[in-house]
Amino acid sequence: MTDPLRLGIAGLGTVGTGVVKIVRQKAELLAARAGRPVVITAVSARTRDKDRGVNLSDYAWEDDPVALATRDDVDVFVELMGGSDGPAKAATEAAIAAGKDVVTANKAMLAHHGQALATAAESAGSVLRFEAAVAGGIPVIKALTEGLAGNDITRVMGVMNGTCNYILTRMQATGQGYNALFEEADKLGYLEADPNLDVGGIDAGHKLALLSSIAFGTQVNFDAVELEGIQSVTLEDINHAADMGYRIKLLGVAQLTGRGLEQRMSPCLVPASSPLGQLEGGTNMVVLEGDMVEQIVLRGPGAGEGPTASAVMADVMDIARGIRLSTFGQPATRLQQAKPARAATPAPYYLRMSLEDKPGALAKVATVLGEAGISINRMRQYRHDDTTAPVLIVTHKTTRTALDGALDAMTKLDVIASAPVALRIETV
C-alpha cells in the first residue's frame with residue numbers, strides 16, 4: 001500500500017500535541033516502518049487559538065469532533081479528549097458508524113462502554129485500539145493480545161497510577177505524611193482535575209478492568225472492581241511495613257478463580273526486594289503471569305507527552321501496516337460475562353491497631369482472630385508513652401470474608417482504641 005494513512009486528531013492537550021510532533025518530526029521513519037506515509041489531515045480541540053508549541057496550520061480545523069470523525073479525508077479517528085461520555089463517546093460512535101478505525105487513550109470511556117463500542121466496531125469492520133489507555137508507554141496491550149496469545153493468563157497485577165506511587169515512595173524517602181506529599185504532587189501537576197481519580201484508585205481501576213478483559217476473555221466490568229485508595233495509608237504504616245521487609249503500593253490484581261473473576265485495586269504490601277517493591281516515583285509496572293511463560297515484568301513511564309503519544313502511534317502504525325485485531329484480543333461476541341468474586345483468594349494480611357494498655361488486651365484480639373479461623377504469623381508491639389499501645393499483626397493466609405468478620409468483632413472489644421487498618425500482603 002502506498003496511499004497515505006490519514007489521521008484526524010480530536011484533543012490537542014499534552015498527548016495530542018505529542019502525536020502531532022511525532023508525525024511531523026518522524027515522517028520518513030514512520031513511512032519506512034509502515035510501508036506507507038502517515039499524515040494528519042484535520043484536528044479538533046476546544047480552543048482554536050491556543051499556543052500549543054506545534055504548527056497546526058497545515059491541517060483542517062473542526063470545532064465539532066463528531067464532524068472531524070466523519071470527514072471523508074480521515075481514515076483513523078484519534079480520540080484524545082478524555083471523559084467517559086460526552087463528546088469523546090459521541091465522536092467515537094460516529095467514527096465507527098462511518099466505517100473509520102479508532103485509536104484512543106480514553107480508559108474511562110472504554111472501562112464504562114468498552115463492550116458496546118467493541119461490538120459496534122467489529123460489526124462495522126472497524127478497528128478500535130487503545131494501547132495508550134493503559135500504563136502510558138508500556139506496550140502491555142500488545143503483550144497480552146500478541147506476545148502472550150499462546151498462554152492462559154493466570155494473573156495480572158501492577159502499579160498503574162504513577163501519582164499514587166510517587167506519593168507512597170516519597171512518604172518513605174522523606175518521612176513526610178500523606179497530606180504533605182499530596183500537596184507536593186498537586187503542585188507538580190501530577191494530580192487529575194478530580195484528585196480522587198488518582199488517589200481513590202479509580203484511574204488505575206479503569207486500567208485494570210481493561211487488562212482483565214483481554215487477559216481472561218471477559219466483558220469489561222469496571223463496576224466489579226474493588227476500589228480502595230491510598231488516603232488511609234499513614235507514614236506509620238510505611239515505616240512498619242519497611243521494618244518487616246515490605247513496601248506499600250497501590251496494587252491492581254486480577255485473576256480468574258473457580259469462584260469468579262477477582263478484580264481489586266487497593267494498597268497492598270509487597271516484598272521490598274521484588275520488582276514491584278523496588279519501583280520508585282511515577283513509574284508504572286505491570287506483571288503478567290501465564291501458564292507457558294510463567295512471569296513477565298513490564299516497566300516504564302506511565303504518563304506524559306512522549307510515552308503516551310508513543311503508545312498512540314504504536315496503534316496507528318499497526319493499522320497502517322494492515323494489522324486488524326479484535327478490540328479485546330478476541331471477537332466481542334465471544335467475551336463472557338464473568339461472575340465477580342470478592343477477594344476470594346486467601347492471602348496473609350497486615351493489621352495495625354491501637355490497644356488500650358490493659359492486661360489481657362492482646363489475648364482478646366488473638367481470641368477474636370482464632371474464632372474467625374485466622375492464625376497469627378508474627379506480631380510486634382512498639383514502645384509507647386501514653387495509655388494506648390500500637391500493635392502490628394501479620395496473619396497467615398486467610399480470606400477477606402473471614403478477616404472482615406474478625407475486624408467487625410474487634411471493633412466491639414473494650415480494648416480497641418482505634419479502628420484497625422488491614423492491608424493485604426500480595427505474593428509476587
Can you name the nearest heavy-atom pair linking [X] to [Y], along with the distance?
X      : Y      : answer
Arg24  : Tyr59  : NH1-OH, 2.9 Å
Leu227 : Gly205 : CD2-CA, 4.0 Å
Val159 : Leu276 : CG2-CD2, 3.8 Å
Leu168 : Ile248 : CD1-O, 3.6 Å
Lys89  : Met109 : CA-SD, 3.7 Å
Gln255 : Thr154 : CB-O, 3.5 Å

Does one side chain, of [X] or [Y], offer a donor that lies under 3.5 Å from an acceptor on the other?
X      : Y      : answer
Gln278 : Ser273 : no
Asn106 : Thr104 : no
Ser212 : Gln263 : yes
Asp85  : His113 : yes
Asp237 : Thr234 : yes

Proximity of Phe328 and Phe130 rings by center, below 6.0 Å: yes
Within the 6.0 Å centroid threshold, strictly below: Tyr190 and Tyr166: yes
NE2-CG distance between His206 and Asn161, expressed to the nearest 0.5 angstrom: 12.0 Å
Lys107/Asp203 under salt bridge (charged side-chain N to carboxylate O under 4.0 Å, His left out): CA gap, chis, key distance, verdict: CA-CA 8 Å; Lys107 52 193 170 288; Asp203 167 85; 3.3 Å; yes
Verify, without hydrogens or angle tests, whether [X] (side chain) and [Y] (backbone) share a donor-acceptor contact under 3.5 angstrom.
X      : Y      : value
Thr395 : Tyr349 : yes
Glu131 : Lys142 : yes
Asn284 : Arg299 : no
Ser213 : Thr218 : yes
Asp64  : Val66  : yes
Lys207 : Met160 : yes
Glu146 : Leu144 : no
Arg52  : Leu12  : yes
Glu122 : Ala332 : yes

Is the [atom1] atom of [X] crowded by more than 12 outside heavy atoms at less than 6.0 Å?
X      : atom1 : value
Asp152 : CG    : no
Arg259 : CZ    : no
Asp291 : CG    : yes

